[in-house]
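Below is one structure, written out as structure tokens, with a few remarks after it.
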2 protein chains.
Amino acid sequence: MSSDLTAQARIRNAAVELFARDGFAKANVRAIAAAAGVSAALVIHHFGSKEGLRTVCDEHVLEVLLRRSRAAGQPDLLREYLADPDGYLMHVRYMTRAMADDAPTAQAFVDRIVAESEEIHRNGVAAGTMRESSDPRALAVLNVLISLGTLTMPPALARTLGDEKFGPDTLRRLAKPTLELYTHGLYTDDAPLRALEKEMSES
Amino acid sequence: MSSDLTAQARIRNAAVELFARDGFAKANVRAIAAAAGVSAALVIHHFGSKEGLRTVCDEHVLEVLLRRSRAAGQPDLLREYLADPDGYLMHVRYMTRAMADDAPTAQAFVDRIVAESEEIHRNGVAAGTMRESSDPRALAVLNVLISLGTLTMPPALARTLGDEKFGPDTLRRLAKPTLELYTHGLYTDDAPLRALEKEMSES
DNA sequence: CCTTGAGCTGAACAAGTGTTTAGTGTATTG
DNA sequence: CAATACACTAAACACTTGTTCAGCTCAAGG
């Protein structure tokens, strides 16, 4: 039990969990209250409104995720995830949903991880472990997209891998093809790339 | 105007659009009816329930997407998208939302595009244009993830590229780093890959 | 012509929603 | 000790939701 927490905190935690699981629209105040072991009225009393509760949750999740990413010097999503699969996944899912709803906090999160991703690349280039890119910012966005997409993979996609539902196993299995892609790409020559470059220079 | 369509079709089209834009839970029958220029009661009359409407929409979108992907011999998502950005995007978004809700139709869609993606890779390997993979299925899933993720990119992510909202420009800009990744990867050597392989053989 | 049936509607209904209100108990404080 | 403030609740409220119902319109068929 987490009953030694203040009621406000219990409500917030329950809300984060339900928002992450069901989405903001589908999750309702009474269910959140029940999960926190309090009345629905208390939720409103403490947070003003469901929207107010959301704002607090947004900021809390943002803070937790950023603290985490700061803790791991060189952010390694896979390792970070494996350390606390359920908790981390819940928070990432929450943020992904916030991004879908285009919540203001999501922008702060995105700005931050894109910047971090770009910096990792910059360091990698400086250290000689990574190739330069024609568009570092776009590359960072792509990397963020891949990381988040992998972590929040829809069940239907996980099922095509044989896993009944997403879990550490799924992620582990995806890790190798991903690293293979990142080490030598997929195409055997640069014809497709040159074709695109030619096409772009024409228009 | 699309008033020459039957009312049922107009309702279905409006529903697909609103489900894609707002999600199933947030979109409400009255709004769909209004968008189709009919009464809310008619929606229920024709489709039995909101859930019934969803089923019809699911199957419709699935059919449209599969027909499209069949039309383009070698499916090229980028080109396919550029041909009819708004329409295609709407349907992909719809499917992505269906995947998030884990709708049965989404599974059919996923099975299909993963299989297609795997076949493209197989053909590429046979033709010598693509490298072999240690896990073709997982690679296919990764590729689908990247494609869908890019297409349904959240606004917050698009904004870090300077674009106010997602559109053809965003996609065009991402195309090059993506192709660069697919032609020569990102890492300059295979140390990270070997490290992972070693780690996996140990456990 | 009239009957039938299908497309269609406004109004009502029942359930679920976020929120308000009025009030309880329980500490803390002057 | 009295008073104030705070955490908390049950019940009610207002509104939205999906859905039902009774009835309208109107073209097709006997």
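Throughout, a chain's letter reflects where its sequence line sits, starting with A, and its residues are numbered from 1.
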Only distances under 3.5 Å count here; give the side-chain donor-acceptor pairs of residues 98-105 of chain B to other protein atoms, sequence neighbours excluded, each with its distance to 0.1 Å.
| from | atom 1 | to | atom 2 | distance (Å) |
| --- | --- | --- | --- | --- |
| B:Asp101 | OD2 | B:Arg54 | NH2 | 2.9 |
| B:Asp102 | OD1 | A:Arg159 | NH2 | 3.0 |
| B:Asp102 | OD2 | A:Arg159 | NH2 | 2.5 |

Quiz item: Contact class for A:Val43 vs. all strands (heavy atom < 4.0 Å): base, sugar-phosphate, or nothing?
Solution: nothing

Quiz prompt | Opening and closing nucleotides of DNA chain C in contact with chain B, under 4.0 Å to non-hydrogen atoms | solution = C:dC8 to C:dA12

Quiz item: Is the cationic atom of B:Lys50 (NZ for Lys, CZ for Arg) positioned less than 6.0 Å from the six-membered ring centroid of B:Phe24 and within 45 degrees of its normal?
Solution: yes

Quiz prompt | Note, B:Leu186 side chain near A:His121 side chain (heavy atom, < 4.5 Å) | solution = yes

Quiz item: Backbone N or O of A:Thr160 within a donor-acceptor pair of the B:Arg137 side chain at under 3.5 Å?
Solution: yes

Practice problem: Check whether any side-chain N or O of B:Arg10 sits under 3.5 Å from a backbone N or O of B:Leu5 as a donor-acceptor pair, and report yes or no. | Solution: yes

Quiz item: Do the side chain of B:Ser117 and the main chain of B:Ile113 share a donor and acceptor less than 3.5 angstrom apart?
Solution: no

Practice problem: Check the angle between the aromatic planes of A:His91 and A:His60 and answer parallel, tilted or perpendicular using the 30° and 60° thresholds. | Solution: perpendicular

Quiz item: Is a salt bridge present between A:Asp135 and B:Arg173, judged by a nitrogen-to-oxygen distance below 4.0 Å?
Solution: yes

Quiz item: For nucleotides 11-25 of chain D, read 5' to 3', which letter fits each nucleotide if B means a protein heavy atom sits under 4.0 Å from the base, S means only the sugar-phosphate is that close, and - means neither?
Solution: -B----BBBB-----

